[in-house]
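Working notes for the structure below.
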Amino acid sequence: MSRPSVAFIDLDALVHNYRVLAAHVQRDAGAGARRVIAVVKANAYGHGALPAALALERAGADILACADVDEGVALREGGVRCRILVFGSLSLSDLDGIFTHGLIPSVSTPTAANALQAAARARGARVRYHLKIDTGMNRVGFRHDNLARTAPDVLAAPNLELEAVYTHYATADVPGDPRFESQQRRFAEALQALAGMGARPEWTHAANSAAIFAGPETWFGGVRPGLALYGAMPSGGPGQPALRPVLHLRTRVAALKGIRPGDGVGYGARFVADSPRTVAILPLGYADGIDRRMEGRGHVLVRDRRAPIVGSVCMDMIAADVTGLPAEVGDEVVVVGRQGGEAITIIEVADQVGTIPYELLCRVGPRIERIYNQAG
Ligand SMILES: *Cc1c(COP(=O)(O)O)cnc(C)c1O
């Protein structure tokens with residue numbers, strides 16, 4: 001392929017982020033190292049699941065996580081050998097892949113537990129699973145305050161073997177939210193209740209990226225970073241791991257256009273030049289994940305300078321005002337990343353358009369070729 005718009009995926013940065021996070025969470029770990037589940041769901045947050053997974057595996061990750069069975073099967077078929085946890089609700093999925101591709105299921109509801117037990121018995125197999133406790137997110141998971149009724153059956157299922165117990169925080173990224181602490185307390189209580197029923201999980205895990213940054217009391221026996229692995233968190237303060245952005249989105253100037261006063265640019269002609277302007281036409285648009293709200297808000301980097309995005313974000317094109325810059329057709333343009341002394345982060349863009357970096361990363365479209373360096 002030779003389209004000019006590409007996402008450069010810096011696997012060295014991914015491995016760096018994995019290593020600094022893994023080292024960071026050993027703080028106050030006591031006996032036994034805290035484990036890191038590297039989250040590569042949703043095509044590794046748009047970065048490309050297989051290259052990201054293989055780089056993490058080479059970096060020593062012993063367990064990855066994906067959203068559903070199909071994602072896990074695709075990783076296995078691509079050659080990933082390390083352990084793979086499936087987060088998703090199993091009750092609706094085809095369970096075959098769990099057995100044929102050696103995936104670790106999450107058991108999040110009694111219905112899913114029954115289905116898994118039946119499938120395991122039918123195959124004469126024993127399955128190790130992670131039990132998910134709902135401590136306040138109120139999506140899936142066994143309710144923390146109802147375990148006396150719901151847990152005994154799954155714990156007694158003859159073909160199921162409990163490996164770990166986990167929960168997921170709803171407000172780890174909301175400063176000062178009391179529900180964050182209450183979820184930690186509920187999880188600790190749930191672990192005690194399960195122990196009282198004879199459950200002996202090898203380990204426990206709870207923290208997403210925001211909780212990793214919040215501190216050790218939220219980490220339990222292991223952590224599950226996604227966004228932080230991709231370097232799309234605001235850089236931490238003192239004592240926090242310094243992360244590097246993994247995705248760099250670049251294109252090239254496809255055409256330059258002289259605009260006369262009174263001319264409008266793009267659909268709706270919402271940008272109207274009040275003086276002679278030069279705009280650079282860039283070959284990527286909302287089909288590639290460029291948010292339409294970047295019109296009049298966002299910037300790109302051209303010739304080491306910020307150039308504002310003007311006129312409508314179209315399906316396949318955007319325009320940037322490069323008046324006064326020595327821009328030429330073919331010049332490299334940075335949409336997310338660095339050029340010269342300037343940088344545009346995915347965090348900045350998410351703020352501009354009123355969304356979160358997660359969404360923007362996941363939306364980098366299939367027409368954008370991902371180019372990888374070799375993590376080493
Ligand atoms: C996506 C996900 C994570 C990772 O969350 P980040 O905020 O990206 O770190 C962790 N745990 C579960 C259960 C998830 O679904």
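In this text, all values refer to a predicted model and were calculated from it rather than measured experimentally. For the single chain, residues carry numbers from 1 onward in sequence order. Atoms within a ligand are numbered from 1 in the order they appear, just like the ligands themselves.
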Just to confirm my output: which protein heavy-atom neighbour is closest to [atom], and how far is it?
{"atom": "atom 2 (C) of ligand 1", "result": "K41 NZ, 2.5 Å"}
{"atom": "atom 9 (O) of ligand 1", "result": "S209 OG, 2.5 Å"}
{"atom": "atom 8 (O) of ligand 1", "result": "Y45 OH, 2.5 Å"}
{"atom": "atom 12 (C) of ligand 1", "result": "H168 CE1, 3.3 Å"}
{"atom": "atom 7 (O) of ligand 1", "result": "Y358 OH, 2.6 Å"}

Minimum heavy-atom separation for [X] to [Y], with atom names?
{"X": "A55", "Y": "V15", "result": "O-CG2, 3.8 Å"}
{"X": "Y267", "Y": "S312", "result": "N-OG, 2.9 Å"}
{"X": "P105", "Y": "I98", "result": "CB-CD1, 3.7 Å"}

Report the part of R224 in contact with ligand 1, treating N, CA, C, O as backbone and CB onward as side chain, heavy atoms under 4.0 Å; options are side chain, backbone, both, neither.
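Under 4.0 Å from ligand 1, R224 contributes backbone and side-chain atoms.
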N-O pairing of E328 and R252 below 4.0 Å:
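No, no charged N to carboxylate O under 4.0 Å.
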What atoms in ligand 1 come closer than 4.0 Å to a heavy atom of L227?
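Answer, ordered by atom number: 6 (P), 8 (O), 9 (O).
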Under 4.0 angstrom from ligand 1, any heavy atom of P225?
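Within the 4.0 Å threshold, so yes.
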Would you say V86 and C66 make side-chain contact, with heavy atoms under 4.5 Å?
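Heavy-atom side-chain distance check passes, below 4.5 Å.
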State, yes or no, whether a side-chain contact exists between H168 and K132 at a heavy-atom distance under 4.5 Å.
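Result yes, sub-4.5 Å side-chain heavy-atom pair found.
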With D291 as reference, evaluate R297, Q352, R363 under the side chain to side chain donor-acceptor pair (under 3.5 Å) test and give the passing residue.
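For D291, the side chain to side chain donor-acceptor pair (under 3.5 Å) test succeeds with only one of R297, Q352, R363, which is R363.
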G226 versus ligand 1: do any nitrogen or oxygen atoms come within less than 3.5 Å of each other?
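Yes - when backbone and side-chain N and O of G226 are compared with those of ligand 1, one distance drops under 3.5 Å.
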